K.L.:
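The structure's right below; bear with me while I get my questions together.
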There are 2 protein chains.
Amino acid sequence: MMNISEASKRSHLPVKTIRYYEDIDLIKPARNGSGYRSYNESDVHRLRFLQRSRSLGFTIEECRLLLSLYDDDNRASSDVKSVAEAKIKEIDLKIKELGTLKVTLSALAQNCHGDDKPDCPIIDDLAGRRDH
Amino acid sequence: MMNISEASKRSHLPVKTIRYYEDIDLIKPARNGSGYRSYNESDVHRLRFLQRSRSLGFTIEECRLLLSLYDDDNRASSDVKSVAEAKIKEIDLKIKELGTLKVTLSALAQNCHGDDKPDCPIIDDLAGRRDH
DNA sequence: CCTTGACCCTCCAGTCAGTGGAAGGTCTAG
DNA sequence: CTAGACCTTCCACTGACTGGAGGGTCAAGG
């Protein structure tokens with residue numbers, strides 16, 4: 001059993017974040033006599049699970065679902081896989097969107113001389129004064 | 001001069017968003033006798049400028065900067081270009097991060113059978129039980 | 001003249017996933 | 001016994017809106 005700062009070190013999650021996760025019912029540590037949170041090894045596993053899934057881009061609600069699958073020894077691996085695949089699709093979409101954005105912005109930047117003169121195709125485009 | 005819903009149509013910005021932009025001092029429309037906001041053509045240009053720059057991924061604060069450059073007839077085009085280039089770099093970084101995420105998640109998903117059995121390499125990874 | 005419905009207004013609360021800080025209690029080493 | 005490093009709760013803030021309550025205004029139709 002350990003205090004929150006030790007759990008923080010072992011899970012690589014900030015103390016504030018751990019308390020926040022308790023607030024939204026992702027974890028329920030025990031309390032000692034003076035009201036301090038007290039974490040056991042399985043709590044730390046849970047926190048690490050959260051740290052890892054958040055860092056992979058899952059939202060809190062997805063983490064909640066993944067945790068329930070983690071808790072369920074009889075879940076089908078297909079249940080987990082479908083969550084992962086949905087997330088991969090989302091990431092893919094986001095990458096494509098950003099790619100489009102980059103192309104557009106790069107084209108604008110390339111047309112801009114970047115000198116001391118006031119003429120600027122970027123501003124013209126933003127203002128709706130582009131010719132194309 | 002037009003009411004807010006007409007300005008919304010012409011700028012492709014939701015009414016709520018236009019009011020919000022006023023709240024944070026991006027635009028200051030006139031008011032008519034009964035307190036209704038009243039937009040002229042130059043207000044609509046400003047709103048369109050905001051719509052376009054937001055859709056290109058600039059934050060509100062960046063839009064505020066771009067607007068001040070838009071207002072300044074003597075700005076150097078290099079000032080604008082540097083804002084655009086910084087944004088391109090950010091987008092690039094984000095794309096790379098998402099690419100890494102996608103590779104990691106895809107590798108996990110590929111190792112998962114996705115069947116009715118409980119064994120799941122994705123959960124194992126999240127739980128820190130991966131072998132590699 | 002009155003009503004209906006489409007506008008408009010302000011203000012408050014909520015979103016997401018935390019982060020920062022204030023005010024105060026507890027524990028441990030010197 | 002005291003300093004300082006912990007711990008607690010609670011409230012406010014972030015970005016960029018969005019939703020809704022509760023009310024005022026305006027134009028058309030009966």
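This is a predicted model, so every value here is computed, not measured. A note on names: the letters A, B, ... follow the listed sequences, proteins ahead of strands, and every chain is numbered from 1.
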K.L.:
Return the 5'-most residue of the pair B/V15, A/N32 with respect to DNA chain C, ranking by each residue's nearest nucleotide.
P.N.:
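Nearest nucleotide further toward 5': that of B/V15.
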K.L.:
When you get a sec, tell me which of D/dC10, D/dG20, D/dT18 is the closest nucleotide to the side chain of B/K16?
P.N.:
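Of all the options, the side chain of B/K16 is nearest to D/dG20.
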K.L.:
Does the pair B/E22/B/R19 count as a salt bridge with the N-to-O cut at 4.0 Å?
P.N.:
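Salt bridge: no.
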K.L.:
What is the separation between atom CG on B/L13 and atom C1' on D/dA16, rounded to the nearest whole Å?
P.N.:
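Those two atoms, CG and C1', are 12 Å apart.
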K.L.:
Take the protein atom CD1 of B/I4 and the nucleotide atom P of C/dA6, then report the distance between them rounded to whole Å.
P.N.:
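Rounded to whole Å, this separation is 18 Å.
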K.L.:
Between B/K89 and B/E85, does at least one N-O distance fall below 4.0 Å, as a salt bridge requires?
P.N.:
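B/E85 and B/K89: not salt-bridged.
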K.L.:
In terms of side-chain heavy atoms of A/Y21, which of C/dC8, C/dG18, D/dA16 is nearest?
P.N.:
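Nearest to the side chain of A/Y21 among the choices is C/dG18.
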K.L.:
Report yes if a side-chain nitrogen or oxygen of B/R31 is closer than 4.0 Å to either non-bridging phosphate oxygen (OP1 or OP2) of D/dT25; otherwise report no.
P.N.:
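Negative; the distance criterion is not met.
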K.L.:
So for B/Y36 and D/dG24, does any side-chain atom that can act as donor or acceptor lie under 3.5 Å from a complementary atom in the base?
P.N.:
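Indeed there is one.
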K.L.:
Over how many whole Å does the gap from A/D23 atom CG to C/dC16 atom C1' extend?
P.N.:
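Result: 14 Å.
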K.L.:
Using the closest heavy atom to pick a nucleotide of DNA chain D for each, name whichever of B/S34 or B/I60 lands nearer the 5' end.
P.N.:
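Looking at the nearest nucleotide for each, B/I60 comes out on the 5' side.
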K.L.:
Could you check whether B/D23 pairs with B/K16 (Lys NZ or Arg NE/NH1/NH2 to Asp/Glu carboxylate O, under 4.0 Å)?
P.N.:
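So B/D23 does not pair with B/K16 through a salt bridge.
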K.L.:
Roughly, in whole Å, what's the span from CZ in A/R19 to P in D/dT9?
P.N.:
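To the nearest whole Å, that distance equals 7 Å.
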K.L.:
Strictly below 4.0 Å: does B/T17 bring a side-chain N or O up to OP1 or OP2 of D/dT18?
P.N.:
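True: B/T17 side-chain N/O within range (under 4.0 Å) of D/dT18 OP1/OP2.
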K.L.:
Could you check whether B/R10 pairs with B/E6 (Lys NZ or Arg NE/NH1/NH2 to Asp/Glu carboxylate O, under 4.0 Å)?
P.N.:
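Answer for the salt bridge query: yes.
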